[in-house]
Protein chains: 2
Amino acid sequence: MSISMREIAKLAGVSSATVSRVINGSELVTEETASRIRKIIADVNFVPNTSAIHLKHGKSQIYGIIIPDLTNPFFTELVKMFEELLVENEQELLVANTDFASTRLQRSLRRMLLRRVDGVAILTSEHEAAALESLVQNRIPVVTTDHYKSACGISDIIIDFPGGIAQMVAHLKKLGHRKLGFIGGTEGLETSRVRRESFMDAIVNQGLTSRSEWMVTGNYRIDGGSVAMKGILSQKEKPTAIITANDLTAIGAMRAAYDKGLRIPDDISIAGCDDIEMSDIVYPPLTTLRISRREYAGMLFEALRETAKDLSKPGPQFRLPMSLVVRRSTGKAPSDRKPARKSATRRGR
Amino acid sequence: MSISMREIAKLAGVSSATVSRVINGSELVTEETASRIRKIIADVNFVPNTSAIHLKHGKSQIYGIIIPDLTNPFFTELVKMFEELLVENEQELLVANTDFASTRLQRSLRRMLLRRVDGVAILTSEHEAAALESLVQNRIPVVTTDHYKSACGISDIIIDFPGGIAQMVAHLKKLGHRKLGFIGGTEGLETSRVRRESFMDAIVNQGLTSRSEWMVTGNYRIDGGSVAMKGILSQKEKPTAIITANDLTAIGAMRAAYDKGLRIPDDISIAGCDDIEMSDIVYPPLTTLRISRREYAGMLFEALRETAKDLSKPGPQFRLPMSLVVRRSTGKAPSDRKPARKSATRRGR
DNA sequence: CTGAAAGCGCTAACAA
DNA sequence: TTGTTAGCGCTTTCAG
């Protein structure tokens, strides 16, 4: 058991109330007693017990974040930014990773409840509304992403996939691509549906073509991208460019393309979403849609604070833009006539 | 403010002690009352307040982990494993990321103190003993890595770099390499010193050569690896193989080598440490020394539990092995006569 | 300007 | 088998 305020009080010959006042910077204490107390605090390395403060105030000073894949650098970087923001505001962060498993989402929510967090950012997509009820009921502000619903105590951040993917499609169109493929996210998730539909809308709006065989699902991870790409490449007629649901998927797709002996972007263009650090490291560097982690983290925080102000009304909605980052994994569409298949050309460095 | 035990008690027409007993699975309650209470608990979604429990018991049920770089997949994967382990044991995890800044270490330690964590795993290397004193003083068990010291309440995990790097050097020697370079970690860190010395020892023991110009420092990140490699490659005489302090460094080094037009492993072999997932994705896949995250996480947990048993004596020491993973970034040493510099050869796929 | 005392939600003696 | 009570460390009226 570590040292308590009462012991500080005893050492200083005052009451614990006075110690508390000094710690909280109250004006009502003589500078003399205050500095004496401060000295003792420093000497014995006293640190107040936050659980007691929590109990008193009802604020745990902890926020929670629930993410689907801690192994995805996008989320890691986001967590990092969010943590920094919170620490600056004297808050703590509880990270829960679900690995895409909905059973683990339930447990994560319970963890948040147990700790009476002051707010939860839910970045997984596999929740039903019912799951959030317990949070709302316990008056814990929630912010979701791409949930497209608002309810009391819940705010939502919408990532602008429609806009982003339209940019990407336009970029590919300008490069001469007409036949586009899409590797989406895990089947059945809301986010996956949004991304896929954004793709289809963009294709239609810009007068390009795709086919259902070119629009397959992945799992937001490298392996899923590889598998999906192999499927696409095994067809007799292939798209000339592929857009993927995230960068990891794109990296997996690139791998599969290489394994089939295709050159990127000469034979096929590949693009991702997220702009993780790795995207600039792989070969060739990946063209992608950047989502600013800093901005995202800021929105999460802002949304939670805003929602907390009045739990009895729906929280605000935010829109997070995506910006096109052109690198070298996308290039001119191969001409349909001569399918550019000379063997020993070097991979253009 | 969310619902409390007393309210449950009121609803059930019993005292809060009975409710507490039901929740903690005491035998002393009639099955009848127990199930009635359980029903109410379920109905109103009651979740006990852990801060109150903490206050009562003195155990926060939270462990802390302090890492230098959340962006490094090695640490992310480790955090993930550690978190899983803790959640299984009904514990919570507080993650603090220092970004290699010692000021942030101080703050992180304070955060741990504030939350009265039940144990802290410190994986940063930049701490002086003084920093740990406050933890020990507050009776918080600590486990460090590569600290090579033991003190009361502190246990240490030693990563077997000497053994691992010896394996790597032997591997390169077998491939015909005689001149080895080394890109280490950030200057001034204990871990960096250990890795560098392990390299030198292995070189000497196995009768190979290196030079001080071939042994440079990095920063455990991709960019540092690139810069360091550029430095090495700008010299007139170059090593034929490079061992690096971690995989990110190796990946940076590979990048720099490519940028200079070198082929890996034909012109130069490069090896890393850690075996992060990315190592098998980059081109060519990286030969590396694997450190098992699962084993590491297990040791951290074990060490903390062991140390907690008796804070008045030094905690145990553990040794974490490294195992050689041979992939394609290491290959036969180029013969010294004809330095293999034909231009337009394809990068061997 | 400082102290006494109550109470946040929970548990564990002790009583009944 | 269940209830009463004190107290974990802190803050905050209310008195002094």
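Please read these numbers as outputs of a predicted model, since none were measured by experiment. Below, chains carry the letters A, B, ... as their sequence lines are ordered, and counting in each starts from 1.
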Could you go over nucleotides 12-14 of chain C and give all protein N or O partners under 3.5 Å, atom names and distances?
{"residue": "C:dA12", "atom": "OP1", "partner": "B:His57", "partner atom": "NE2", "Å": "2.9"}

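Taking atom CZ of A:Arg115 as the reference point, atom P of C:dG9 lies 17 Å away to the nearest angstrom. Taking atom CD of residue A:Glu31 and atom C1' of nucleotide C:dC1, one finds them 13 Å apart after rounding to whole Å. With rounding to whole Å, A:Glu7 atom CD is found 12 Å from D:dC8 atom C1'. Summarising the geometry, the separation between CD1 on B:Ile53 and P on C:dC8 is reported as 17 Å, rounded to the nearest angstrom. Rounded to an integer number of Å, the gap from B:Ile8 CD1 to C:dT11 P is 13 Å. Summarising the geometry, the separation between NZ on B:Lys10 and C1' on C:dC10 is reported as 15 Å, rounded to the nearest angstrom.
Looking only at atom types and distance, the side chain of B:Asn24 has no donor-acceptor partner in the side chain of B:Ser26 under 3.5 Å away. Side-chain polar atoms of A:Ser2 and B:Arg116 form a donor-acceptor pair below 3.5 angstrom. There is no side-chain donor-acceptor pair under 3.5 Å between A:Thr191 and A:Asp146.
At a threshold of 4.0 angstrom between heavy atoms, the contacts of B:Thr33 are confined to the sugar-phosphate backbone, with no base atom among them. Residue contacts for A:Val19: at a heavy-atom cut-off of 4.0 Å it reaches no nucleic acid atom on any strand shown.
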Exercise for the section: Would you check, one step at a time, whether the test salt bridge (Lys or Arg N to Asp or Glu O under 4.0 Å) holds for A:Arg221 with A:Asp69? Expected result: CA-CA 9 Å; A:Arg221 288 196 299 239; A:Asp69 182 12; 5.1 Å; no
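Remark: side-chain polar atoms of A:Asn89 are paired, donor with acceptor, to backbone N or O of A:Leu85 under 3.5 angstrom.
For A:Ser192, the side chain to side chain donor-acceptor pair (under 3.5 Å) partners at least two apart in sequence or on another chain are A:Tyr220.
Checking C:dC10, D:dC10, C:dG9 against the side-chain heavy atoms of A:Pro48 singles out D:dC10 as nearest. Listed candidates were C:dG9, D:dT2, D:dT11. Nearest to the side chain of A:Met5 is D:dT11.
Overall bending of the helix from C:dC1-D:dG16 to C:dA16-D:dT1, expressed as the angle between end axes built from five pairs apiece, is 50° (10° steps).
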